[in-house]
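Every chain is numbered from 1 and lettered A, B, ... according to where its sequence line falls, protein lines coming before strand lines.
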Amino acid sequence: MDNNFFIDSDKLSDSALAKKHRLESDPSVRSDHMAYLPDMEHISSDIMDRVLSEMNSFDYNKYTGLDVRRALTHDTCSVEDFKALLSPAAEPFLEQMAQKARLETQKHFGNTVYLFTPLYIANYCENYCVYCGFNCYNDIRRMKLNMEQIEHEMKVIADSGMEEILILTGESRSKSGIEYIGEACKLARKYFRMVGIEIYPVNTDEYRYLHECGVDYVTVFQETYDSDRYEQLHLMGHKRVFPYRFEAQERALMGGMRGIAGSALLGLSDFRKDALASALHMYFLQRKYPHAEISLSCPRLRPIINNDEINPLDVHEKQLCQILCAYRIFLPFCGITVSSRESAQFRNGIVKIAATKVSAGVSTGIGDHESKYTGKEADSAEGDEQFEINDSRSFSKMYSDMSGEGLQPVLNDYLYV
Amino acid sequence: MSDDKLVIGGREFNSRFILGSGKYSLSLIEAAVNYAGAEIITLAVRRANTTDSENILDYIPKGVTLLPNTSGARNADEAVRIARLARELGCGDFVKIEIMRDTKYLLPDNAETVRATEILAKEGFVVMPYMYPDLNTARDLVNAGAASVMPLASPIGSNKGLATRDFIQILIDEIDLPIIVDAGIGRPSQACEAMEMGAAAVMSNTALATAGDLPAMAEAFRQAVQAGRKAYLSGLGRILTRGASPSDSLTGFLHD
């Protein structure tokens, strides 16, 4: 059973509704998702071809328990071993995978766990991505914070003790331009030691500008690496261009960023293939840019406003755990972030095995940190959320819970210079 | 596995054993090549006999690829000059860069090697640099246009085996070019181990030159290299560790 993503709002005009339906039902009216738009930089890179060819030839049903056992005893995990660990044949070996993953995590990260929080500064969006709460046809309260409001949000978050922030926007160049984001990042440098961004993909020179504004880390989710499926889910907007998005992290590194993160959104397509491609994407980038710090996330589909039925289909917690163990064994040095999309119980368990970073004090809405953190009623408008979170623990609760699990919470491990 | 070829500079080779030609009588070269099954043989241009009586080129069987080396070069400029001479002499486009500014241990100078590689690759040579196994240097060699990377196992001529094992493994894991283990391999078992680790080929000279029966040792090396390659391609089996007892379940928290 696939998700039903198509929800009509009664506030849409007849012509808007007609266009939406055409996009949904008639592929011929949609633009070529593999063609760069005029303003999009086209870099020379073979990474996308390498990732896609590995993914397309990945026949996960051919692996056996023997392949998995062998992979678990190797000192270094080859791409072939990694494929075996992602296969259905590895499911009965989940506990052994977790034991090995924990050893690798401890070797490379000790008992540390990093804490951070996202800050959404705007939720305007020009894309129609059918599963996303921010999509341009979804009837939500839209908002864009001004600098004063952003600073206020940052103060509230910084007061809680947080030192790392991830700044997010919806994907709208016209509403949330690069300079707007850059100014927000400069503000963030005043209140936080580490600033990351998760915004629409931009060109190398724009990443360089954002780096100069204080950003060190760029996260871009490819959503799915299956370009045909991608085409069916991203019906309109800049995000529709698959290769430009794929190359975002590489452009970020070319622009001087220290680190990059990425992943598929699990549940949109064949999750084993998407997990393989997500890890290989980071793996090939790290080989090409050996100085880069790489990180993987593992978001699963979540319900959104106006569509509470959306779910990650066949990616249950066991499968998610298998993927994360495989990631850790294949890329022992790679950061792994588990977001508040997952339950407190899952996050408490997975940080002991593979994850190195969790968010806390999370809101995916706009301008609502004060009301969420203090319970104080909002005296100004708030913008709606991108998706429903699961784990709503505050920074201090997360800090004490992680300490209670025998882990050492780390707020920052790098100085921007 | 029958189509398993070693590809260097666009040329395909069936054999993964590269033979050195020094330290033994020229009359034995043909036997060594045949018993070792070698398709590539090195030639020290600077050290080759220049008199008319004994020309090494007369002893090398047809169909074998000559790999002139720059042995005796003390810096990049000398290596470049030797490589160009080799090409002029009709030795082809392959060149193995060896740059040593130390006459006791003969350890390669990595920085000069990168420099020579860059110059010669631009001139169209198929450059195979001999180097001390250092990851950053290996990456520099890739960027400089090398066709393979040839890390040493232990000091050249020492027959001491895989003293740099862990560092060679890093190169095999991280570098996309063929990694050819060169220098220091003293026994067939060591050549076999290098191949099991995933090395693309092994090069040896002293181990054969100093053996009691050179052709027999050449054959032993051929078999060892083939066995190691086959083991690598087969995927080594699992190792049972003793005393590993499962601790508390790590995955008990999963549900849904």
Side-chain angles (χ1 to χ4, degrees), chain A residues 46 50 65-81 84 91 93-103 105 283-284 286-291 300 311-312 314-322 324-325 342-354 390 405, chain B residues 1 4 114 133-144 146 149 162 164-179 193-200 229-256:
Chain A
D46 64 349
R50 295 173 77 179
L66 201 61
D67 296 319
V68 178
R69 280 210 183 91
R70 216 182 276 129
L72 285 171
T73 58
H74 288 168
D75 285 340
T76 48
C77 178
S78 66
V79 172
E80 210 43 36
D81 290 336
E91 286 188 359
F93 298 91
L94 189 54
E95 182 64 28
Q96 286 103 305
M97 284 175 68
Q99 299 283 354
K100 186 172 171 84
R102 178 171 68 165
L103 265 179
T105 306
Y283 168 76
F284 286 128
Q286 199 273 336
R287 284 177 84 91
K288 188 165 174 184
Y289 302 89
H291 60 279
R300 292 194 294 168
N311 71 85
D314 52 352
V315 194
H316 305 284
E317 284 192 354
K318 279 199 173 122
Q319 284 74 35
L320 185 58
C321 182
Q322 182 190 349
L324 291 175
C325 291
E342 303 303 332
S343 70
Q345 191 184 14
F346 183 86
R347 297 215 289 172
N348 286 351
I350 203 70
V351 288
K352 282 183 261 176
I353 301 173
N390 188 328
E405 300 284 351
Chain B
M1 284 182 203
D4 176 42
V114 172
D134 170 73
L135 179 58
N136 292 310
T137 302
R139 286 180 173 140
D140 290 343
L141 290 169
V142 172
N143 293 334
V149 176
L162 286 161
T164 58
R165 186 186 197 287
D166 289 357
F167 300 94
I168 288 176
Q169 186 69 62
I170 288 172
L171 299 194
I172 291 169
D173 290 345
E174 301 302 325
I175 300 296
D176 291 329
L177 292 176
I179 302 297
E193 185 179 0
M195 295 305 294
E196 285 174 359
M197 287 163 57
R229 180 65 183 174
K230 203 169 249 184
Y232 170 73
L233 292 178
S234 312
L236 292 173
R238 68 199 178 101
I239 301 158
L240 292 174
T241 46
R242 243 189 304 179
S245 63
S247 51
D248 292 346
S249 165
L250 280 175
T251 51
F253 66 93
L254 298 170
H255 66 163
D256 94 345

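Residue A/Leu94 touches chain B through both its backbone and its side chain, counting heavy-atom pairs closer than 4.5 Å. Both the backbone and the side chain of B/Asp176 come within less than 4.5 Å of a heavy atom of chain A. Using a 4.5 Å cut-off between heavy atoms, B/Ile175 touches chain A through its backbone atoms (N, CA, C, O) alone.
Counting non-hydrogen atoms of neighbouring residues, nucleotides and ligands closer than 6.0 angstrom, the CZ atom of A/Phe93 exceeds 12 such neighbours. Heavy atoms from other residues, nucleotides or ligands lying under 6.0 Å from CZ of B/Phe167 number 12 at most. Other residues, nucleotides and ligands contribute at most 12 non-hydrogen atoms within 6.0 Å of the CG atom of A/Asp75.
With rounding to the nearest 0.5 Å, the separation of CD in A/Gln286 from CD in B/Glu174 is 6.5 Å. Distance check, rounded to the nearest 0.5 Å: CD of A/Gln99 to OG1 of B/Thr251 gives 8.0 Å.
Scanning both residues, B/Phe253 and A/Ile353, for their nearest heavy atoms gives CE2-CD1, 3.9 Å. Contact record, B/Leu250 with A/Glu95: N-OE2, 2.8 Å, taken as the closest heavy-atom pair.
For B/Asp134, the side-chain hydrogen bond (donor to acceptor under 3.5 Å, both in side chains) criterion is met by B/Thr137, not counting sequence neighbours.
Each of A/Cys321, A/Ser343, A/Pro290, A/Cys325 has some count of heavy-atom pairs under 4.5 Å with chain B, and the biggest count is that of A/Pro290.
Among the candidates A/Gln345, A/Gln322, A/Lys318, the single residue satisfying the side chain to side chain contact (heavy atoms under 4.5 Å, CB included) test with B/Leu254 is A/Lys318.
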